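Presented below is the structure to which this report refers.
So that the names make sense, note that chain A is the first sequence line, chain B the second, and so on, each numbered from 1. Every value quoted in this text rests on a predicted model; they were computed, and no experiment measured them.
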Protein chains: 2
Amino acid sequence: MWIPIQINENSAEPLYHQIEVQLRSLILSGQVEEGTLLPSIREFANDLKCSVITVRRVYQDLESEGLLRTKQGTGTFVAKVGSDERDRHRRTAVVEAMESAVDVGMQVQCTKEDLKAIFKEVLDAKYKG
Amino acid sequence: MWIPIQINENSAEPLYHQIEVQLRSLILSGQVEEGTLLPSIREFANDLKCSVITVRRVYQDLESEGLLRTKQGTGTFVAKVGSDERDRHRRTAVVEAMESAVDVGMQVQCTKEDLKAIFKEVLDAKYKG
DNA sequence: TATACTGTGTATAAAGATATATACAGTATA
DNA sequence: TATACTGTATATATCTTTATACACAGTATA
């Protein structure tokens, strides 16, 4: 099972947190289905170029949120997620990210039109595929 | 001298880093002019509800970038910033923030139209004043 | 059905980064 | 020269990340 996680080396955000946010997002958005056996902590750590313990912390945190179930000797599985929780997540994750982007713009004295232009530019570049 | 810095308690981004990013932004965007005497580390720490040491680290880091000059017993001043460096900063700061917002959207399987709607909504809310 | 092997998660200890309180030293100015 | 303001240095606690060694579960096979 290959899990697409993007690590940003330059970010000040802790590694375990970057992984958590993205894995949570994958589960809550339904891209990784209920019952899926996730990669072992060793395999995942190797993929992400980080320590086994860091992956373990992520699995542990998400398990305590009820998003994962782990069984020693067997592996870590994706638990069932309510569809309402799923919908709520999708929207709030994006809204929050967008808000912080607009905040940065305002802080640097961008006009509404400046931001519209930059948004369109970025959007077209990312969705050109 | 009052410096508008927004601290996000819930963010995993280290405190000193949040302050650095925003103060750097204020200097490079020209909102805090060359020669300005910044608040003392104690006053600033009190405003931000953080430790003196955290503010000192921010001043120290920005001084080593050449953005500040500090003189013991007197205070910390904003240094001169080249206008080209100023222009470059404004744009890249916003573009990077916008890119990461769009990334979050893509990760949660938003369509281009979904993102446009959310962006417009957030933009209108923030610029309603 | 023993037994060994390979896979899984677990526990402990240590190093680095981050944040704090407290005591120290330089500078302005009444 | 007092005094009240500046920045500075030291020691401490917590968080983040890692390395290493260990214990448990599944599977092949003698």
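Between the CZ atom of B/F44 and the P atom of D/dC5 there is a distance of 19 Å, given to the nearest Å. Here D/dA21 presents its P atom at 18 Å from CZ of A/R56, a figure rounded to the nearest Å. Whole-Å rounding puts the B/I41 CD1 to C/dT20 P distance at 13 Å. Remark: P of D/dG7 and CG of B/L68 are 11 Å apart, rounded to the nearest angstrom. Atom CD1 of B/I7 is separated from atom C1' of C/dA19 by 13 Å (rounded to the nearest Å). Rounded to a whole Å, the CD atom of B/E43 is 11 Å from the C1' atom of D/dC5. Counting to the nearest Å, the P atom of C/dA17 and the CD atom of B/Q18 are 20 Å from each other. Here the P atom of nucleotide C/dT6 and the CD atom of A/Q72 are 19 Å apart, to the nearest Å.
Among C/dT27, D/dT17, C/dA19, the nucleotide with an atom closest to any side-chain atom of A/R57 is D/dT17. Nearest to the side-chain atoms of B/C50 among the listed nucleotides C/dT20, C/dT27, D/dT17 stands C/dT20. Minimum atom distance to the side chain of A/K71 is reached by D/dG26, of the listed D/dG26, C/dA11, C/dT20. The B/T74 side chain lies nearest to C/dA28 when the options are C/dA28, C/dG9, D/dT18. In this structure, of D/dT17, C/dT20, C/dG9, it is C/dT20 that holds the atom nearest to the side chain of B/S51. Here D/dT17 is the nucleotide among D/dT17, C/dG9, D/dG7 with the atom lying nearest to any side-chain atom of A/T54.
A salt bridge does not link A/D61 with A/R24: none of the charged nitrogens is closer than 4.0 Å to a carboxylate oxygen.
In this structure, B/R57 and B/I19 have side chains that are not in contact, with every pair of non-hydrogen atoms separated by 4.5 Å or more.
Side-chain contact check for A/Q31 and A/S29: at least one donor-acceptor pair (N or O, by modelled atom type) lies under 3.5 Å. Neither side chain, B/S100 nor B/D103, offers a donor N or O lying under 3.5 Å from an acceptor on the other.
Partner assigned to C/dA30 is D/dT1, using Watson-Crick or G-U wobble distances below 3.5 angstrom. Of the nucleotides present, C/dT8 is the one that pairs with D/dA23 by Watson-Crick or G-U wobble criteria, both distances under 3.5 Å.
Where A/I53 and B/K49 each meet DNA chain C at their nearest nucleotide, the meeting point lying more 5' is that of A/I53. Comparing A/E63 and A/A12 by the nucleotide of DNA chain C that holds the closest heavy atom to each, the one mapping nearer the 5' end is A/E63. For the pair B/L38 and A/H17, both in contact range of DNA chain D, the more 5′-proximal nearest nucleotide belongs to B/L38.
Taking only side-chain nitrogens and oxygens, B/T70 never comes nearer than 4.0 Å to OP1 or OP2 of D/dT6.
The base of C/dG7 lies outside donor-acceptor range of the side chain of A/R42, with no N or O pair under 3.5 Å.
Note that the CD atom of B/Q22 and the CD atom of A/Q107 stand 4.5 Å from one another [nearest 0.5 Å].
Classified by interplanar angle (parallel below 30°, tilted 30° to 60°, perpendicular above 60°), the ring pair A/F119/B/F119 is parallel.
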